[in-house]
Amino acid sequence: MLASKFFMPTLKENPADAIVPSHIYLVRAGFIRPLAAGIYEYLPLGFRVLKKIENIIRKHMDNAGALELLLPILTPASLWKETGRWDVYGKELFRLKDRKDTDFALGPTHEETITDLVRKNVRSYKDLPLNFYQIQTKFRDEARPRYGLIRGREFIMKDGYSFDVSEEDAIKTYEVMKDAYHKIFKELGLDYLMVEADVGAIGGKFSHEFVVKVPSGEAHIVYCEKCGYAANVEAAKFHRHKLPPEPLLEKEKVYTPSIKSVEEVANFLKVPITKIVKTLIYKADEKDYVAVLIRGDIELNETKLTNHLKAIEVRLANPEELESLGIPEGFAGPIGLNIPILADKSVEDLHNFVVGANEKDYHYINVNIPRDFKIEGFYDFGTAKEGDPCPVCHSPLKETTGLEVGHIFLLGTKYSKAMNANFVDKDGKEKPIIMGCYGIGVSRLISAIVEQYHDDKGIIWPDNVAPFKIHILILNTKDEKAMEVGFDIYRKLKEKGVEVLLDERDISAGMKFKDADLLGIPHRIVIGKSLQEGKVEYQKRDGSIKDLVNLEDMDSLLKGLL
RNA sequence: CGGAGUGUAGCUCAGGUGGGAGAGCACGUGCCUUGGGAGCACGGGGUCGCAGGUUCAAGUCCUGCCACUCCGACCA
């Protein structure tokens with residue numbers, strides 16, 4: 001490609017509204033342009049990278065035995081109503097009507113559509129297993145799109161869906177997909193973690209996320225360097241050390257004027273924060289109240305609570321609601337409470353602890369379970385944090401942020417049951433198909449790669465996703481000899497099928513260097529002053545090589561690059 | 001959805017107290033220049049986000065709306 005005939009509108013200054021490096025450089029270097037919030041155009045440079053990533057994904061999915069197809073983006077509401085997601089998905093679902101006033105949605109994901117296809121065409125165990133995938137534009141009306149391609153309202157996703165006759169087989173398929181995902185993210189050169197994850201609204205039995213380690217990541221991860229345990233904090237478990245037994249002391253009500261927060265109570269009563277038990281009143285799905293007890297030093301994990309209650313969402317009760325329950329804000333406690341009481345495991349072997357008295361300005365000390373009140377049970381509602389003991393090997397956990405680029409779920413029968421996607425098994429009985437689903441954020445991967453591969457001058461693409469492999473700069477285009485040499489190398493590379501960009505624009509040398517640094521093409525051949533000595537310069541964009549090469553040695557150099 | 005901010009040329013932005021629409025870069029033409037976003041000269045380019053209001057007069061003041069960004073909540 002000749003730069004003079006190409007379209008690479010680079011910007012001299014950072015876009016005013018971009019914060020993270022991938023957003024800044026993808027826009028500045030002319031890979032993408034914004035059209036509306038969370039909606040981007042892929043310019044020729046960005047499109048080339050996108051196709052490279054897609055093809056790497058495609059290769060590994062095909063190798064793993066998945067079948068590529070293409071489902072409609074426009075999906076009838078009737079399918080979404082079958083699974084209940086027409087209501088559950090909420091504002092994120094882009095909805096529209098056709099001329100007959102029939103409701104449709106732009107697909108944010110395709111469980112319903114693929115399940116419909118399968119139920120219409122699969123009758124017997126002999127038709128299974130099946131594993132489909134597609135690479136397609138998805139739509140989600142996100143409340144807050146941000147960071148360029150990292151969170152968009154229109155984005156490109158690889159979504160895959162598997163159908164098996166048994167959970168055992170489904171788990172095997174899941175493992176094959178997991179393996180394919182590792183190959184994909186490794187080939188893309190990403191520094192990533194696979195972590196245990198919460199299944200969230202998509203549902204299912206268990207799931208794993210693939211998370212790229214970047215500072216701007218939205219996913220919070222804890223991991224163990226020793227044994228390799230890694231999980232999204234939403235799902236992360238952690239070990240609680242057993243506490244020694246203590247003689248039970250007499251319960252006592254104490255005056256704690258305006259002392260509300262855990263820290264204040266601990267300071268005022270001169271007890272460690274681990275002796276305080278927080279009583280959090282939650283409202284589940286806007287109807288039922290529940291009290292949750294948790295040790296003062298541990299944050300409650302709302303995802304775990306939501307899952308335990310089988311609720312769609314939970315929130316803390318507001319002060320007015322507390323008042324209607326007879327609880328003064330800041331002094332909630334379990335004693336005398338007539339709503340269900342659940343407790344985190346951290347409270348299980350705790351003795352002589354402090355709780356609110358459900359009375360303004362009073363707490364109880366030396367409280368014990370079950371002597372002083374009854375609860376429904378002890379469960380894991382804690383949020384893991386840095387330093388907590390690993391649930392597997394008890395070493396201190398580390399915390400990091402990451403960008404979710406892949407997520408796989410063992411769905412089970414959630415969709416097949418809701419949509420009657422059944423098959424007749426060997427035993428002649430009709431059974432729901434066991435499903436799995438597997439997503440990769442393809443457009444987000446562009447950003448993820450740039451987040452990990454850039455410097456202060458621009459992008460540094462890994463070879464296998466770079467828009468071009470070699471960038472030739474002819475610094476002085478008025479120099480006929482330089483033009484001749486540059487075009488000669490260009491033609492030779494083209495003949496060998498190498499993707500090469502030749503910058504023969506009649507602009508200053510400085511601009512060519514600046515653009516080349518921004519674009520990030522990994523290999524660069526500079527034809528400049530050293531041509532007088534019969535030499536050109538070979539550079540790597542990452543700065544690791546900067547050599548003068550004799551013209552007659554060019555062929556062997558190029559051969560080494562291929 | 002809560003909080004904050006921004007909106008003036010293609011881009012980055014300046015335009016106290018109301019009165020002339022501007023700068024740098026980019027763009028066009030010419031000259032000059034070609035190893036790190038050169039220089040000189042001339043030139044083109046505007047619904048000052050939109051709508052209403054106050055005023056003799058609004059980029060500027062008031063009201064409403066819209067769009068975009070950031071923080072948070074949310075998010076397969």
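Each chain gets a letter, A, B and so on, in the order the sequences are listed, and its residues count up from 1.
Separating the P atom of B/G49 from that of B/G10 is a span of 13 Å, rounded to the nearest Å. Across the C1' atoms, B/G45 and B/A21 are found 13 Å apart, a figure rounded to whole Å. Between B/G20 and B/U8, the distance separating the two C1' atoms is 16 Å to the nearest Å. Remark: the separation of the P atoms in B/G16 and B/U60 is 11 Å, to the nearest Å.
Ring centers of A/Tyr192 and A/Tyr181: at least 6.0 Å apart, outside the cut-off.
The residue A/Lys91 sits close only to the backbone: its heavy atoms come under 4.0 Å of sugar-phosphate atoms, none of a base. Looking at heavy-atom distances under 4.0 Å, A/Ala16 makes contact with sugar-phosphate atoms alone, never a base. Using a 4.0 Å heavy-atom distance criterion, A/Asp479 is classed as making no nucleic acid contact. The residue A/Ile19 sits close only to the backbone: its heavy atoms come under 4.0 Å of sugar-phosphate atoms, none of a base. Nucleic acid contact class of A/Ser207 (heavy atoms, under 4.0 Å, all strands): none. Heavy atoms of A/Glu537 sit under 4.0 angstrom from at least one base atom. Within the nucleic acid shown, A/Ile474 has no heavy atom closer than 4.0 Å to any nucleic acid atom. Among the protein residues, A/Pro108 comes within range of the nucleic acid bases, having at least one heavy atom under 4.0 Å from a base atom. Contacts of A/Phe155 with the nucleic acid, taken as non-hydrogen atoms under 4.0 Å apart, include base atoms.
A donor-acceptor contact under 3.5 Å links the side chain of A/Arg28 to the base of B/G37. No hydrogens or angles were tested; on distance alone, a donor-acceptor pair under 3.5 Å links the side chain of A/Arg151 to the base of B/C75. With hydrogens and angles left out, the side chain of A/Asp515 and the base of B/G37 share a donor-acceptor pair within 3.5 Å.
Counting only residues at least two apart or on different chains, the side chain to side chain donor-acceptor pair (under 3.5 Å) pairs with a member in residues 509-522 of chain A are A/Thr10-A/Asp515, A/Arg505-A/Asp515, A/Asp517-A/Arg524. For residues 17-37 of chain A, no pair satisfies salt bridge (charged side-chain N to carboxylate O under 4.0 Å, His left out), with sequence neighbours left out.
The partner of B/U17 cannot be assigned: no Watson-Crick or G-U wobble pair with both contacts below 3.5 Å exists in any strand. Of the nucleotides present, B/U69 is the one that pairs with B/A4 by Watson-Crick or G-U wobble criteria, both distances under 3.5 Å. A 3.5 Å limit on both hydrogen-bonding distances identifies no Watson-Crick or G-U partner for B/C32. Across every strand in view, B/U54 sits unpaired, with no contact that passes the Watson-Crick or G-U test at under 3.5 angstrom. Nucleotide B/A23: paired with B/U12 (Watson-Crick or G-U wobble, both distances less than 3.5 Å). Of the nucleotides present, none pairs with B/C48 by Watson-Crick or G-U wobble criteria with both distances under 3.5 Å. Pairing for B/U60 is absent, with no Watson-Crick or G-U wobble pair whose two atom distances lie under 3.5 Å.
Only one option out of A/Tyr161, A/Phe206, A/Phe409 pairs with A/Tyr174 in a ring-ring contact (aromatic ring centres under 6.0 Å, His included); it is A/Phe206.
Note: CD (A/Glu13) to P (B/C13) measures 7 Å, nearest angstrom. Rounded to whole Å, the distance from CG on A/Leu475 to C1' on B/U33 is 14 Å. Atom CG in A/Asp506 sits about 12 Å away from atom P in B/C27, given to the nearest Å.
By the 4.5 Å heavy-atom criterion applied to side chains, A/Leu557 and A/Met554 are counted as neighbours. Proximity of A/Ile472 to A/Asp503: side-chain heavy atoms (C-beta onward) are nowhere separated by under 4.5 Å.
Dashed line: the shortest gap from a side-chain N or O of A/Ser508 to OP1 or OP2 of B/A38 is under 4.0 Å. For B/G36, the OP1/OP2 oxygens have no side-chain nitrogen or oxygen of A/Lys514 closer than 4.0 Å. Between A/Arg144 and B/C1, a side-chain N or O to OP1/OP2 separation shorter than 4.0 Å is absent.
In this structure, a donor-acceptor pair under 3.5 Å is absent between the side chains of A/Glu218 and A/Tyr147.
Heavy-atom distances to RNA chain B give each of A/His407 and A/Arg153 a nearest nucleotide, and the one nearer the 5′ end belongs to A/Arg153. Looking at which nucleotide of RNA chain B each of A/Ala37 and A/Tyr147 is closest to, the 5′-most match is held by A/Ala37.
Looking at residues 171-181 of chain A, you'll see that no heavy atom sits under 4.0 Å from any atom of RNA chain B.
The cationic group of A/Arg95 does not satisfy the cation-pi geometry with A/Trp80, failing either the under 6.0 Å distance to the six-membered ring centre or the 45° limit from the ring axis.
Residue A/Glu480 qualifies as open at atom CD: its count of foreign heavy atoms under 6.0 Å is 12 or below.
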